[in-house]
2 protein chains.
Amino acid sequence: MLDHLLNPTVKDATQFIGRYKSSRVIVIYGQVEATYSGRAAAQLRLMPRLIITKPDGVLMVHEGYREKPVIWNPPGSQLFVSVDGDVLVLRSIRYSPREYVTIRIHKVYMVSSMEIGLTEDFKVIGTEKDVVDAIMANPSLVEDGFKVLSREYETMVGSIDILGEDKLGNLVVVEVKRGEASPEAVHQLKRYVEYIKGKNPGRGVRGILVATGISTSAYRYLKDYGLEFRRYTHANIINYT
Amino acid sequence: MLDHLLNPTVKDATQFIGRYKSSRVIVIYGQVEATYSGRAAAQLRLMPRLIITKPDGVLMVHEGYREKPVIWNPPGSQLFVSVDGDVLVLRSIRYSPREYVTIRIHKVYMVSSMEIGLTEDFKVIGTEKDVVDAIMANPSLVEDGFKVLSREYETMVGSIDILGEDKLGNLVVVEVKRGEASPEAVHQLKRYVEYIKGKNPGRGVRGILVATGISTSAYRYLKDYGLEFRRYTHANIINYT
DNA sequence: GCCTAGGTCCCGTCG
DNA sequence: CGACGGGGCCTAGGC
């Protein structure tokens with residue numbers, strides 16, 4: 001189930017990685033240098049680091065801090081293992097966009113491997129989709145008398161989360177954010193409102209931003225543009241999901 | 001330098017993790033269940049998984065596929081280790097925003113640990129900043145006769161990468177993207193141009209999007225708005241960085 | 001395959 | 001400390 005080699009020879013480590021790279025997760029502690037080139041470029045000098053590969057092609061070089069790897073290639077990349085003198089070489093190619101990672105391991109302290117699966121039905125609760133779902137089920141979360149006309153209404157300038165109508169017959173553009181709304185969210189809403197206004201001359205059009213909160217500068221933009229903000233809390237939503 | 005325990009008792013594993021959690025990277029292979037709650041929520045049933053902790057508070061639960069952990073807490077989080085019967089429990093708290101990760105390890109196959117550093121002077125070449133630097137050094141990359149007036153010019157609607165002037169005395173708003181420009185980039189540029197026009201009535205104002213490429217829909221928006229596109233290649237830039 | 005938009009985004013920088 | 005915007009973003013969903 002779990003295999004590992006301590007201070008293996010380059011040859012043994014190469015064989016080990018070759019055997020498991022397409023079926024298991026592999027973890028390597030080693031003295032490592034690495035380069036990346038593709039859309040951008042980066043380089044790492046020799047140092048102890050942690051390397052992880054996964055059967056889907058993921059390759060990551062981790063350091064002692066940060067959540068993200070310093071150098072990596074994403075799923076779909078292809079991994080090649082070879083030997084250059086006393087150095088174990090991992091080369092990874094991502095094809096679209098073309099990106100290359102080369103890792104030279106001068107000393108392998110440990111290489112280990114285990115078969116690990118995937119939670120197929122993994123689900124995160126509390127995403128933007130959940131909030132939109134709740135509004136669809138109970139439109140009054142936006143405001144009293146609000147009626148939904150369309151979800152994911154497609155326009156030339158992007159897709160509107162919810163397009164609806166208020167009790168006075170005005171069109172209402174609703175933009176939903178799962179957390180704190182930023183200025184960018186307000187600009188987005190403004191764009192949609194201007195588009196809908198252009199398409200419906202003479203008709204009243206309102207824009208409502210629905211989020212758990214809003215930054216002060218975003219709120220200033222919002223007010224400048226004549227848009228509205230509606231706060232929701234997790235408690236508002238939870239009953240309708 | 002590298003320590004590890006194979007199939008340790010819960011007690012030994014606990015002690016091991018407690019000793020190293022604030023100074024080293026720790027890797028655990030185990031039979032794991034986990035929950036996350038905070039801005040959102042998620043849950044994982046018992047399964048073999050890979051767990052990594054780092055001294056800066058990073059905690060990650062990895063599965064056999066994907067680059068990103070399924071459940072995690074970022075740097076700055078605090079890790080607590082305890083025992084619940086035969087189960088090793090890791091609890092992690094992130095304080096702002098408040099988020100909790102609880103990991104229950106029913107079986108530890110291996111726990112290992114090594115001190116790993118950080119590349120302090122790590123640098124990625126080819127970021128947006130590099131492109132802007134190159135234009136600052138050689139404004140004609142934008143167009144012949146272009147003069148820079150200001151970098152990161154702050155406005156009410158965001159900060160303009162480069163504000164300049166063309167040879168005819170028109171104001172020129174330059175928006176730089178490191179890769180393929182999306183519609184979002186065009187909207188951003190349009191916003192800035194409108195703002196600058198509003199502040200400089202009667203003066204000619206142009207908007208130029210500088211990127212390695214542009215999607216077809218983004219190009220359509222760009223033309224509709226009367227904006228311009230200037231392609232750059234890595235080769236254009238590299239001489240000026 | 002590319003395009004589009006969300007993310008528990010993370011991450012650095014600047015106030 | 002929060003706020004803002006970039007990222008080799010990654011990842012899921014449409015076309």
Side-chain angles (χ1 to χ4, degrees), chain A residues 35-42 56 58 60 65-77 94-101 122 124-132 152 154 157-161 175-185 187-188 213-219 221, chain B residues 35-42 56 58-60 65-77 92 94-101 122 124-132 152 154 158-159 161 175-185 188 212-219 234:
Chain A
T35 63
Y36 150 72
S37 72
R39 289 167 294 179
D56 61 355
V58 165
M60 301 185 281
Y65 303 83
R66 312 289 141 83
E67 178 181 330
K68 300 187 62 175
V70 264
I71 282 186
W72 73 93
N73 252 353
S77 309
R94 175 189 193 175
Y95 291 97
S96 177
R98 205 84 175 189
E99 307 205 89
Y100 303 92
V101 171
F122 182 66
V124 176
I125 299 164
T127 60
E128 176 176 317
K129 181 176 174 300
D130 295 327
V131 181
V132 176
E152 292 297 314
E154 298 293 336
V157 295
S159 89
I160 295 173
D161 287 335
E175 173 63 29
V176 176
K177 289 297 163 199
R178 69 163 303 287
E180 294 276 311
S182 69
E184 204 46 44
H187 297 311
Q188 210 176 331
I214 184 166
S215 73
T216 51
S217 72
Y219 190 75
Y221 297 152
Chain B
T35 63
Y36 150 71
S37 72
R39 288 168 295 178
D56 61 354
V58 165
L59 174 64
M60 301 184 282
Y65 302 83
R66 312 290 139 83
E67 177 181 332
K68 299 186 65 175
V70 262
I71 282 186
W72 73 90
N73 251 351
S77 309
S92 170
R94 176 190 193 173
Y95 290 97
S96 175
R98 206 85 176 187
E99 306 204 271
Y100 304 92
V101 172
F122 182 67
V124 176
I125 299 163
T127 59
E128 177 176 317
K129 183 177 173 299
D130 294 328
V131 182
V132 176
E152 292 298 314
E154 299 293 337
S159 92
D161 288 335
E175 174 63 29
V176 176
K177 288 299 163 198
R178 70 162 303 286
E180 294 277 311
S182 68
E184 202 46 44
Q188 210 176 329
T212 57
I214 184 166
S215 72
T216 52
S217 70
Y219 190 75
H234 205 62

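So you know, we letter chains A, B, ... as the sequences are listed, proteins then strands, and number each from 1.
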Problem - hbond_proxy A/E128 side chain to C/dG6 base (donor-acceptor, 3.5 Å cutoff) - result: no

Practice task
Classify the nucleic acid contact of B/N73 as base, sugar-phosphate or nothing, counting any heavy atom under 4.0 Å across all strands shown.
Solution key: nothing

Exercise for the section: Keeping the roles fixed (side chain from A/D56, backbone from B/Y65), state whether a donor-acceptor pair exists under 3.5 Å. Expected result: no

Exercise for the section: Could you tell me whether A/T216 contacts a base, only the sugar-phosphate backbone, or nothing, with contacts defined as non-hydrogen atoms closer than 4.0 Å? Expected result: nothing

Practice task
Could you walk me through whether A/I160 and A/E154 pass the side chain to side chain contact (heavy atoms under 4.5 Å, CB included) test, one step at a time?
Solution key: CA-CA 6 Å; A/I160 295 173; A/E154 298 293 336; over 6 Å; no

Problem - Rounded interatomic separation in angstrom, taking CZ from B/R98 and P from D/dG2 - result: 12 Å

Exercise for the section: Look at the side-chain N and O atoms of A/K177 and state whether any lies under 4.0 Å from the OP1 or OP2 oxygen of C/dG6. Expected result: yes

Handout entry: Pairwise 5' ranking along DNA chain D for B/S159 and B/R178, keeping only the more 5' one
Key = B/S159

Problem - Atom-pair distance (NZ on A/K68; C1' on D/dC10), nearest Å - result: 8 Å

Handout entry: Which nucleotide in C/dG7, D/dA3, C/dC10 has an atom nearest any side-chain atom of A/S215
Key = D/dA3

Practice task
For nucleotides C/dC11 and D/dT11, find the distance between their P atoms and express it as a whole number of Å.
Solution key: 14 Å

Problem - Rounded distance in Å - OH (A/Y65) to C1' (C/dC10) - result: 19 Å

Problem - Interatomic distance where CD belongs to A/E184 and P belongs to D/dA3 [whole Å] - result: 17 Å

Handout entry: d(CD, B/E99; C1', C/dC9) in whole Å
Key = 11 Å

Problem - Touch class at under 4.0 angstrom, heavy-atom based, for A/V58 against every strand present - result: nothing

Exercise for the section: Specify the residue among B/R66 and B/Q188 whose closest nucleotide of DNA chain D lies further upstream toward the 5′ end. Expected result: B/Q188

Handout entry: Sugar-phosphate, base or nothing in reach of A/G126, heavy atoms under 4.0 Å
Key = nothing

Exercise for the section: Go through the steps for A/R66 and B/V58 under the test side chain to side chain contact (heavy atoms under 4.5 Å, CB included), then give the verdict. Expected result: CA-CA 7 Å; A/R66 312 289 141 83; B/V58 165; 5.8 Å; no

Problem - Step-by-step side chain to side chain contact (heavy atoms under 4.5 Å, CB included) determination, A/K68 to A/M60 - result: CA-CA 9 Å; A/K68 300 187 62 175; A/M60 301 185 281; over 6 Å; no

Practice task
With DNA chain C as reference, determine whether A/G158 or A/V124 sits nearer its 5' end, using the nearest nucleotide of each.
Solution key: A/G158

Practice task
Between B/A42 and B/P183, name the one whose nearest nucleotide on DNA chain C is closer to the 5' end.
Solution key: B/P183

Problem - Rounded interatomic separation in angstrom, taking CE from B/M60 and C1' from C/dC10 - result: 12 Å

Problem - Contact under 4.0 Å: A/S96 side-chain N or O vs C/dG1 OP1/OP2 - result: no

Exercise for the section: Give a yes or no on whether the backbone of B/G76 and the side-chain of B/R94 come within a donor-acceptor separation of less than 3.5 Å. Expected result: no

Fill in the blank from the handout: When rounded to whole Å, the CG to P distance for the pair A/D161 and D/dG13 reads 16 Å

Exercise for the section: Verify, without hydrogens or angle tests, whether A/R39 (side chain) and A/P97 (backbone) share a donor-acceptor contact under 3.5 angstrom. Expected result: no

Practice task
Report which part of the nucleic acid B/S182 touches: base, sugar-phosphate, or nothing (heavy-atom distance under 4.0 Å, all strands).
Solution key: nothing

Practice task
From the options D/dG6, C/dG6, D/dG8, select the nucleotide whose nearest atom is closest to the side chain of A/I71.
Solution key: D/dG8

Practice task
Could you please name the partner base of D/dG8, counting Watson-Crick and G-U wobble pairs only when both distances are under 3.5 Å?
Solution key: none

Handout entry: Sugar-phosphate, base or nothing in reach of A/P75, heavy atoms under 4.0 Å
Key = sugar-phosphate

Exercise for the section: Please determine if a side-chain N or O atom of A/S37 lies less than 4.0 Å away from the OP1 or OP2 oxygen of D/dG8. Expected result: no

Practice task
Taking the side chain as every heavy atom from C-beta outward, state whether B/K177 and B/E184 have any pair of such atoms under 4.5 Å apart.
Solution key: no

Practice task
Using a cut-off of strictly less than 4.0 Å, decide whether A/W72 has a side-chain nitrogen or oxygen near OP1 or OP2 of D/dC9.
Solution key: no

Problem - Distance, rounded to the nearest Å, where B/E67 contributes CD and D/dC9 contributes P - result: 12 Å

Exercise for the section: Give a yes/no on whether any side-chain N or O of B/R39 is located under 4.0 angstrom from OP1 or OP2 of C/dC9. Expected result: yes

Exercise for the section: Answer with base, sugar-phosphate or nothing: what part of the nucleic acid does A/P97 contact at a heavy-atom distance below 4.0 Å? Expected result: nothing

